[in-house]
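Every chain is numbered from 1 and lettered A, B, ... according to where its sequence line falls, protein lines coming before strand lines.
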Amino acid sequence: MREEPGEAEVASHRLMLRAGMIRKVAAGIYTYLPLGLRVIRKVEQIVRDEMNRTGAQELLMPMVQPSELWLESGRWGKYGKELLRFKDRGEREFCLGPTHEELITDLVRAEVKSYRHLPQILYQIQTKFRDEIRPRFGLMRGREFLMKDAYSFDRDEESARISYDKMGRAYHRIFERCGLEFKPVEAESGVIGGSFSQEFMVLAETGEDRLVACHSCDYAANVEKVKEGSSCPRGHGLLTTHRGIEVGHIFMLGTKYSEAMKAVIQDQNGKEVCPVMGCYGIGVSRTAAAAIEQNHDKKGIIWPLPLAPYQVQVIPVNNQSERVMITSELIYGTLSNLGMEVLIDDRSERPGVKFNDADLIGIPYQIIIGEKNMAEGLVELKERRNGKIKKVTTDEVIDLVKKLVLPPSKPTES
RNA sequence: CGGGGCGUAGCGCAGCCCGGUAGCGCGCCAGCUUCGGGAGCUGGAUGUCCGCGGUUCAAAUCCGCGCGCCCCGACCA
């Protein structure tokens with residue numbers, strides 16, 4: 001899409017449309033095109049990895065939920081219009097799941113009877129639907145969106161706190177691995193309820209949320225909670241405001257749902273107690289959008305390597321030249337065989353079109369193969385982020401890219 | 001839900017005020033030339049003018065009702 005889409009105002013929305021990553025189906029409802037889906041999958045995989053590493057187990061619950069469970073928790077009446085309700089052919093009431101506390105609690109109360117079976121953390125990566133008053137900014141605030149939601153069940157407060165902290169650390173690793181600049185902040189817990197919560201904010205000028213952060217320590221809070229300009233409650237540092245995009249939120253729920261829905265387990269003394277719950281969300285599709293808000297320039301997207309739809313883009317400048325095409329295919333094949341994700345622009349477009357499109361879709365490394373450099377046995381390696389170009393031989397380019405894209409695996413924290 | 005705006009070719013828009021049967025740019029198709037930063041020339045295809053109703057000899061244009069979408073605000077894991 002060459003023209004600026006008229007409907008889009010913010011960078012991520014505009015660039016995702018132009019780069020062919022998403023297309024709108026209705027307000028706040030989008031199709032992920034192949035390029036966009038690849039990015040979504042990248043985020044998902046990082047999330048899944050880190051969730052699994054904490055010992056959490058993946059499951060998948062239905063999007064359609066019966067009213068009974070929501071009546072039990074008391075939220076059928078409280079949730080409001082954001083909850084999209086409908087009836088089936090038998091006039092039974094259902095809703096599209098905006099979150100899954102009711103379903104997971106229903107599952108756990110049926111399956112878990114003893115404290116010996118806890119702690120337990122279950123999660124899913126699934127499409128949610130919230131009939132937002134005002135969906136906006138493309139994937140930033142959609143009505144239908146992809147979310148990772150995890151739920152922890154513990155025998156007591158102390159143990160629950162451990163699960164909560166474990167999730168907090170997993171969230172740090174997730175957003176670090178995504179290559180994003182972020183801050184965890186103290187926040188209100190809203191409709192979900194519960195005792196305390198933290199939001200994970202990706203810092204970006206266009207963010208909808210405001211937060212304050214301390215200069216001298218790592219204290220940060222949502223502006224709902226703390227007045228701007230004041231000094232840090234933990235020490236003497238000064239608080240400054242930032243804008244951010246909420247990509248994750250972790251909650252200590254306590255026994256709100258387990259009590260309401262009568263989920264009970266037996267403790268060491270054979271006494272019935274309600275498990276202490278926590279819930280933990282990550283907006284997967286929103287994270288992709290936030291990555292763009294934080295990483296773009298006038299020409300287009302600048303993907304952080306871990307989220308890029310492809311790692312390397314091979315650009316044969318001229319499709320007519322046999323030498324150029326043979327070398328391009330060779331480089332493409334070699335890198336692919338090394339396990340890299342490579343995109344080759346084999347369209348018969350003019351060079352300018354290819355260069356501009358490459359900068360637009362923002363794959364981190366471009367290998368540009370043209371007649372002039374080929375004559376000296378050279379190709380160009382261009383880094384999208386800073387525009388720097390190196391002229392190297394075809395052998396060298398493989399080696400260089402290998403080092404840039406496939407770094408030696410880092411030791412992992414548990 | 002309050003306020004503002006928009007809906008005309010695949011996309012971006014003009015035309016509407018002042019009614020006369022639709023146009024520009026990009027894209028698309030064909031041909032020739034071109035080929036390192038969004039090519040040039042020639043020829044071509046494409047429209048329920050958001051929908052319904054009304055006024056009129058005649059409606060994209062005027063009037064009424066509806067629908068969809070965008071932006072601001074209030075709201076929101």
A/Gln65 and A/Thr99 have their tightest heavy-atom pair at NE2-O, 3.3 Å

Heavy-atom pair with the smallest gap, counting every atom of A/Phe94 and A/Arg92:
CD1-O, 3.4 Å

What integer number of Å spans the [atom1] atoms of [N] and [M]?
N: B/rA60; M: B/rG36; atom1: P; answer: 48 Å
N: B/rA59; M: B/rC50; atom1: P; answer: 15 Å
N: B/rA58; M: B/rC18; atom1: C1'; answer: 16 Å
N: B/rC41; M: B/rG5; atom1: C1'; answer: 41 Å
N: B/rA9; M: B/rU55; atom1: P; answer: 28 Å
N: B/rA30; M: B/rG20; atom1: P; answer: 38 Å
N: B/rC13; M: B/rC57; atom1: C1'; answer: 33 Å
N: B/rU48; M: B/rU56; atom1: P; answer: 29 Å

If you find the nucleotide of RNA chain B closest to A/Val25 and the one closest to A/Lys148, which residue's nucleotide is nearer the 5' end?
A/Val25

Of A/Ala27 and A/Arg286, the one whose closest nucleotide on RNA chain B sits nearer the 5' end is A/Ala27

If I take atom [atom1] in residue [X] and atom [atom2] in nucleotide [N], what distance separates them, rounded to the nearest angstrom?
X: A/Tyr79; N: B/rC76; atom1: OH; atom2: C1'; answer: 8 Å
X: A/Met140; N: B/rC70; atom1: CE; atom2: P; answer: 15 Å
X: A/Ile133; N: B/rC71; atom1: CD1; atom2: P; answer: 15 Å
X: A/Arg23; N: B/rC11; atom1: CZ; atom2: P; answer: 10 Å
X: A/Ile29; N: B/rC70; atom1: CD1; atom2: C1'; answer: 16 Å
X: A/Arg210; N: B/rC76; atom1: CZ; atom2: P; answer: 18 Å
X: A/Glu132; N: B/rA74; atom1: CD; atom2: P; answer: 15 Å
X: A/Arg134; N: B/rG73; atom1: CZ; atom2: P; answer: 7 Å

Checking base pairs now: Watson-Crick or wobble, both atom distances under 3.5 Å. What partners [N]?
N: B/rG68; value: B/rC6
N: B/rC16; value: none
N: B/rC62; value: B/rG54
N: B/rA30; value: B/rU42
N: B/rC1; value: B/rG73
N: B/rG36; value: none

Just by distance, with hydrogens left out, do A/Glu380 and A/Gln366 show a side-chain donor and acceptor under 3.5 Å apart?
no

To the nearest 0.5 Å, tell me how far A/Glu44 CD sits from A/Thr287 OG1.
11.0 Å

Nucleic acid footprint by protein, nucleotides 29-36 of chain B - heavy-atom cut-off 4.0 Å, B for base, S for sugar-phosphate alone:
-----BBB

Using the six-membered ring of A/Tyr310, assess whether NZ or CZ of A/Arg38 lies under 6.0 Å from its centre and within 45 degrees of the ring axis.
yes

Would you kindly check whether a donor in the side chain of A/Arg141 faces an acceptor in the base of B/rC76, or vice versa, at under 3.5 angstrom?
yes

Regarding [X], tell me which of base, sugar-phosphate or nothing describes its non-hydrogen contacts under 4.0 Å with the strands shown.
X: A/Lys24; result: sugar-phosphate
X: A/Asp359; result: base
X: A/Phe200; result: nothing
X: A/Gly248; result: nothing

Test side chain to side chain contact (heavy atoms under 4.5 Å, CB included) on A/Met21 and A/Ile301 and set out the steps.
CA-CA 11 Å; A/Met21 296 181 57; A/Ile301 303 168; 3.9 Å; yes

What orientation do A/Phe251 and A/His249 show, parallel under 30°, tilted 30 to 60°, or perpendicular over 60°?
parallel

Look at A/Lys81 and B/rC76 and indicate whether a side-chain polar atom (N or O) is within less than 4.0 Å of OP1 or OP2.
no

Please tell me which of the listed nucleotides, B/rA74, B/rG38, B/rG37, lies nearest to the side chain of A/Arg136?
B/rA74

Other residues, nucleotides, ligands: >12 heavy atoms within 6.0 Å of A/Lys391 NZ
no

Ion pair A/Arg161/A/Asp165, N-O distance below 4.0 Å
yes

Just jot down the side chain to side chain donor-acceptor pair (under 3.5 Å) partners of A/Asp267, sequence neighbours excluded, or say none.
none

